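The structure appears right after this line, and notes come after that.
First listed ligand is number 1; within each ligand, the first listed atom is number 1. Sequential numbering from 1 along the given sequence is applied to the chain's residues. Keep in mind the model is a prediction, meaning the values are calculated, not measured.
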Amino acid sequence: MCGIIGIASNKSVSINIINALKKLEYRGYDSAGLATITKGEINEKKCPGRVEKLEKILFQNPSEGKLGIGHVRWATHGVPNKVNAHPHSSEIVSVVHNGIIENSDELKKKLEISGQIFKSQTDTEVITILLTEKLKKLDPLNAVFETLDMLKGSFALGIIFKNFQDFVIGARRGSPLAVGYSNNENYLGSDSYALKSMTNKISYLDDGDVCLLSKDQIKFYNSKKEKINKEIFTLSDDKSSVSKGNYKNFMIKEIFEQPISIKTCLKEYIDKIREEINFYNLPINPKDIEKIVLIGCGTAYHSCLVAKYWLEELTSLTIETDIASEFRYRKVRFDKKALYIFVSQSGETADTYAALDICKKQNVKTCSIINVVESSIARHSDCVLPIHAGPEIGVASTKAFLGQMLVLYLLSLKISESRKDIDQIQYKRKIIDLKKLPSLITETLKEEEKIQLIAKDIYTSKGSMFLGRGSSFPIALEGALKLKELSYLHAEGYPAGEMKHGPLALIEDGLPVVVIAPKDKYFEKTISNMQEVIARGGKILLITNSVGQVISENVRFQIDLPESDLSLTPFLFSVPLQLLSYHVALFKKCDIDKPRNLAKSVTVE
Ligand code: M6R
């Protein structure tokens, strides 16, 4: 993943680099570094760990210089230590890199044969060495273009040069890169969010583009080295706070923000007066759609799975779901009458972007459901449906998941109504029920204390299982993902009906098993599956909305959620699972907002 930043200015840049790197930490946080041109030399400082540590190093030994690059790393090649941290510098050039150089081993072997010595285990150092060689004969721009020609894979680069101290070079292939404009200062960054505190004027590089950025101008070139112009976007003035406020960490703040984020999103899509769902810009008339394909990764993929149940229930369409990293390499038959929907919080997930790009090249209709409206996926798709959740900082996705499901549910209802699969009475009733969702979530959040007790009871367990049927099955998957991600406790999500086909063998005395059983058409079946688990010693945490009814004496814990339209249970049943993973992780003293080995935005495949 990794985040990169570059600044050319008429004043010292290191503090601004550090501040931008803090914003980019969602892309990786296992090491950090920066390089400036100080007194005519490349001055590199780096360390394993967070940007805070780098800041302390700079506090003791400041890096002066009006030109610099910075990096936060999510390790792909080589362990997270100081040597592998970026920048990777020679005497004359310094490079920061986001992405993967797929032919780095091959290039490294050739360079080693010709006598080059590598200090690190990274793929990036290949670029530094190639550039150093090329700069013996070529000017920086041509040296960069010749080096890029030798690289395979996806990357965004920031480069500074000892002998050319007026500019930073940026290059993009596959990984996102933005530039920002200001007075006597220009910027390069992995995304506009990192640049937002410094400027609201942004341009985006396209694949193959290279830019040359000095303090007072930015020049752009396409992959054929032709000079090009770029559109300048003015970023929206997003006043939503990105501070923790009185909360312990971002995750719990984001969980408790859900009633508000859902309310905001409902306001954006439901016309108050006509009680009507508005989707003005769909690239295909719902009446002409024959198939819907939903694509995403991780939590976003789980929202696609939930939507499959809704769409199948509400429409007569064929619905497919796909994990982006699988879709992009399969021999998919594309369908001109299908709508391909891409779901992503960040809008920068490499696999989801690649899957979208494949669809675009096939000329099929695309639509993205995203949170970050300035993101690469949003800009590349035919139509964008924002989830209006506001910035999500915690690595574990919570409010974005509910937001993704909400837009998918609204879309399901709208498509169903447009195609006359449901009648007007049903449609209007569903909208009225949907508007109750924020207060139902507020009600559900009141279960926190009980969930804290459950977390205390299970946090020392070796593993756990999450079971559900119907749309509660993807919610089980999501609950298990949250628990593993945050607390490093093994968790399996399973369709309850599949247990007897193998996973039942895992059940032993005291194994926590979370059973998600709303009072829907699957309820009795799920409860029978739960009894099979009880009979084998499983410790049951039952989440239901059976209004206080005792389902079984042998249930260790029962959480009763408010009654709602059954289509809404995926929203409500997600909330206790978010709280459970949060409290288990707190008991285990895990880093809640930055779980180990992960990053918020997964920009490598
Ligand atoms: O930004 P995206 O929604 O595309 O991210 C997809 C996944 O990486 C993400 O949902 C991940 O699974 C979360 N960390 C889960 O909490």
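Side-chain N/O atoms of Glu392 and Ser397 include a donor and acceptor closer than 3.5 Å.
At under 3.5 Å, a nitrogen or oxygen of Thr299, whether backbone or side chain, sits near a nitrogen or oxygen of ligand 1. Among the atoms of Ser346, some N or O lies under 3.5 angstrom from an N or O of ligand 1.
Classified by interplanar angle (parallel below 30°, tilted 30° to 60°, perpendicular above 60°), the ring pair Phe571/Trp310 is parallel.
Closest to atom 2 (P) of ligand 1 among all protein heavy atoms lies Thr349 OG1, 3.2 Å. The single protein non-hydrogen atom nearest to atom 13 (C) of ligand 1 is Glu485 OE2, 3.5 Å, given as residue, atom name and distance. Of all protein heavy atoms, the one closest to atom 6 (C) of ligand 1 is Cys297 O, 3.3 Å.
Distances below 4.0 Å separate heavy atoms of Gln345 from the following atoms of ligand 1: 1 (O), 2 (P), 3 (O), 4 (O). Short contacts between ligand 1 and Val602, defined as distances under 4.0 Å to a heavy atom of the residue, involve ligand atoms 8 (O). For ligand 1, the atoms sitting less than 4.0 Å from at least one non-hydrogen atom of Ala300 are 3 (O), 10 (O), numbered in the order shown with element in parentheses. Within ligand 1, the atoms closer than 4.0 Å to a non-hydrogen atom of Ser344 are 1 (O), 2 (P), 3 (O), 4 (O), numbered from 1 in the order shown. Of all the atoms in ligand 1, the ones that sit under 4.0 Å from a non-hydrogen atom of Gly298 are 12 (O).
At a 4.0 Å heavy-atom cut-off, ligand 1 does not touch Glu348 at all.
A ring-centre distance under 6.0 Å is found for Phe279 and Tyr269.
Checked for salt-bridge contact, Lys399 and Glu257 meet the test: a charged N lies under 4.0 Å from a carboxylate O. Using a cut-off of 4.0 Å between Lys/Arg side-chain N and Asp/Glu carboxylate O, Asp591 and Arg50 are scored as salt-bridged.
In this structure, Ala396 is part of the shell of residues with a heavy atom less than 4.0 angstrom from ligand 1. Proximity of Lys482 to ligand 1 is established by a heavy-atom distance of less than 4.0 Å.
Annotation for Lys263: atom NZ does not count as buried by contact number, only 12 or fewer foreign heavy atoms lying within 6.0 Å.
Listed by chain and residue number, Tyr204 satisfy the ring pair (Phe, Tyr, Trp, His ring centres under 6.0 Å) test with Phe233 (two or more places apart in sequence, or in another chain).
Judged by the 6.0 Å and 45° rule, Arg172 forms no cation-pi pair with Phe155.
The side chain to side chain donor-acceptor pair (under 3.5 Å) pairs that include a residue from residues 469-481 are Thr299-Glu478, His302-Glu478, Arg469-Asn529, Glu478-Lys482, where partners are two or more places apart or lie in different chains.
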